[in-house]
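Along the sequence shown, the residues carry numbers beginning at 1. Each ligand, and each atom within it, is numbered from 1 in the order the structure gives.
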Amino acid sequence: MTTRSAHGTSSDILVLGATGKTGRRLAARLRDTGTAPVRAASRSGEVVFDWTLPDTWEPALTGAGAVYLVAPDDPSHVREFVRQAAASGVRRFVALSGHGIEKAGDGFGFGQGMAAGEEAVRESGAEWTVLRPNNFFQNFDEDLWLAPLRAGRLGLPIGEMPEPFIDADDVAAVAATVLTEDGHSGRTYELSGPRALTFAEAARTIAEAAGRPIRYEELTPAAYRSELLAEGWPEAAADGLGAMFALHRAGHSAEVTDDVRRVLGREPADLEPWARRIAAQGTWAP
Ligand SMILES: NC(=O)c1ccc[n+]([C@@H]2O[C@H](COP(=O)([O-])OP(=O)(O)OC[C@H]3O[C@@H](n4cnc5c(N)ncnc54)[C@H](OP(=O)(O)O)[C@@H]3O)[C@@H](O)[C@H]2O)c1
């Protein structure tokens with residue numbers, strides 16, 4: 001997409017969170033297809049962008065006609081950034097949010113940054129699309145649950161409530177499509193994987209792929225919080241994760257949707273072959 005601004009033609013795509021799980025994959029995908037120049041931004045990115053340092057915003061926005069918005073947990077700067085972006089020539093926003101986020105305001109105390117991102121792009125006057133994915137497969141091999149899986153025990157407060165985990169590659173593929181093709185403006189896509197699995201089933205799938213025992217243990221919310229604090233997590237982060245699981249336990253993200261197929265014309269990836277591929281790299285070896 002090419003737009004005109006006071007500064008001339010703005011055709012770059014500014015990818016925020018470009019070192020993160022979806023932003024990294026999105027920037028690579030956009031570069032592979034060569035549809036538009038990419039500005040890959042984050043605090044440690046090629047383009048320096050820090051939500052807490054507004055002086056970094058304008059240089060990052062220079063030449064951008066579209067933005068992939070990965071909002072911070074703290075919602076306080078989001079609206080002002082989106083206002084500034086629209087004023088500087090951005091005509092399309094794709095905001096990353098989360099499945100069930102519309103319920104997060106109902107006393108869950110979770111997702112304020114994502115909710116602020118949704119609201120800001122909807123009110124921006126520009127084209128907008130919101131992506132609300134489930135938990136990524138990549139939490140199991142790049143993030144939160146890698147260390148517990150390696151240690152052979154995943155303890156969480158989630159019970160039997162299923163979660164249709166999604167591949168971050170599919171989220172990036174959807175983001176690339178809606179950033180570069182018309183027809184998605186004003187839409188909110190709930191992006192799930194193809195199957196709703198419990199966390200215990202996901203841990204079993206990974207254990208089988210890794211060829212070693214990994215135990216799932218159900219924790220009370222209080223026990224989970226104590227474990228996180230004992231591991232050195234700050235209180236605010238432990239409370240944030242507790243709030244996220246409360247939202248999941250209430251079933252607000254459990255539904256399998258067909259929005260990945262609607263956008264990409266194919267089914268989303270399944271956890272099992274992904275787990276076999278990742279296990280073959282030795283990722284979950286003790
Ligand atoms: N993980 C999931 O399963 C999942 C599912 C649904 C929704 N989400 C949502 O997606 C968003 C990103 O989560 P993620 O798990 O994908 O995170 P991630 O992989 O850790 O990526 C976060 C990105 O944000 C950048 N970042 C962090 N602090 C920043 C700051 N102050 N200023 C500018 N950039 C900053 C990081 O890069 P630098 O460190 O270089 O700045 C990184 O590129 C969150 O809102 C999360 O709630 C996540």
Subject >> Which residues share a side-chain hydrogen bond (donor to acceptor under 3.5 Å, both in side chains) with His77, sequence neighbours left out >> reply: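 Here no residue qualifies.
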Subject >> Set of side-chain hydrogen bond (donor to acceptor under 3.5 Å, both in side chains) partners for Asp141, sequence neighbours left out >> reply: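 Not a single residue meets the side-chain hydrogen bond (donor to acceptor under 3.5 Å, both in side chains) criterion with Asp141.
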Subject >> Aromatic plane relationship, Trp57 with Phe81 - under 30° parallel, 30 to 60° tilted, over 60° perpendicular >> reply: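 Taking Trp57 first and then Phe81, their aromatic rings stand perpendicular (interplane angle over 60°).
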**OP:** Using distance alone, with no hydrogens and no angle criterion, decide if Glu163 and Ser253 have a side-chain donor and acceptor under 3.5 Å apart.
**Re:** yes
**OP:** Collect the protein residues that have a non-hydrogen atom under 4.0 Å from ligand 1 and hand them over in chain and number order.
**Re:** Gly17, Ala18, Thr19, Gly20, Lys21, Ser42, Arg43, Ser44, Phe49, Asp50, Trp51, Val70, Ala71, Leu96, Ser97, Met114, Pro133, Asn134, Asn135, Phe136, Asn139
**OP:** Could you name each residue pair satisfying ring pair (Phe, Tyr, Trp, His ring centres under 6.0 Å) that touches residues 185-218, not counting sequence neighbours?
**Re:**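 Qualifying pairs, neighbours excluded: Trp145-Phe199, Phe165-Phe199, His184-Tyr189, Phe199-Phe245.
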Subject >> Ion pair check, Arg225 and Glu235, cut-off under 4.0 Å >> reply: yes
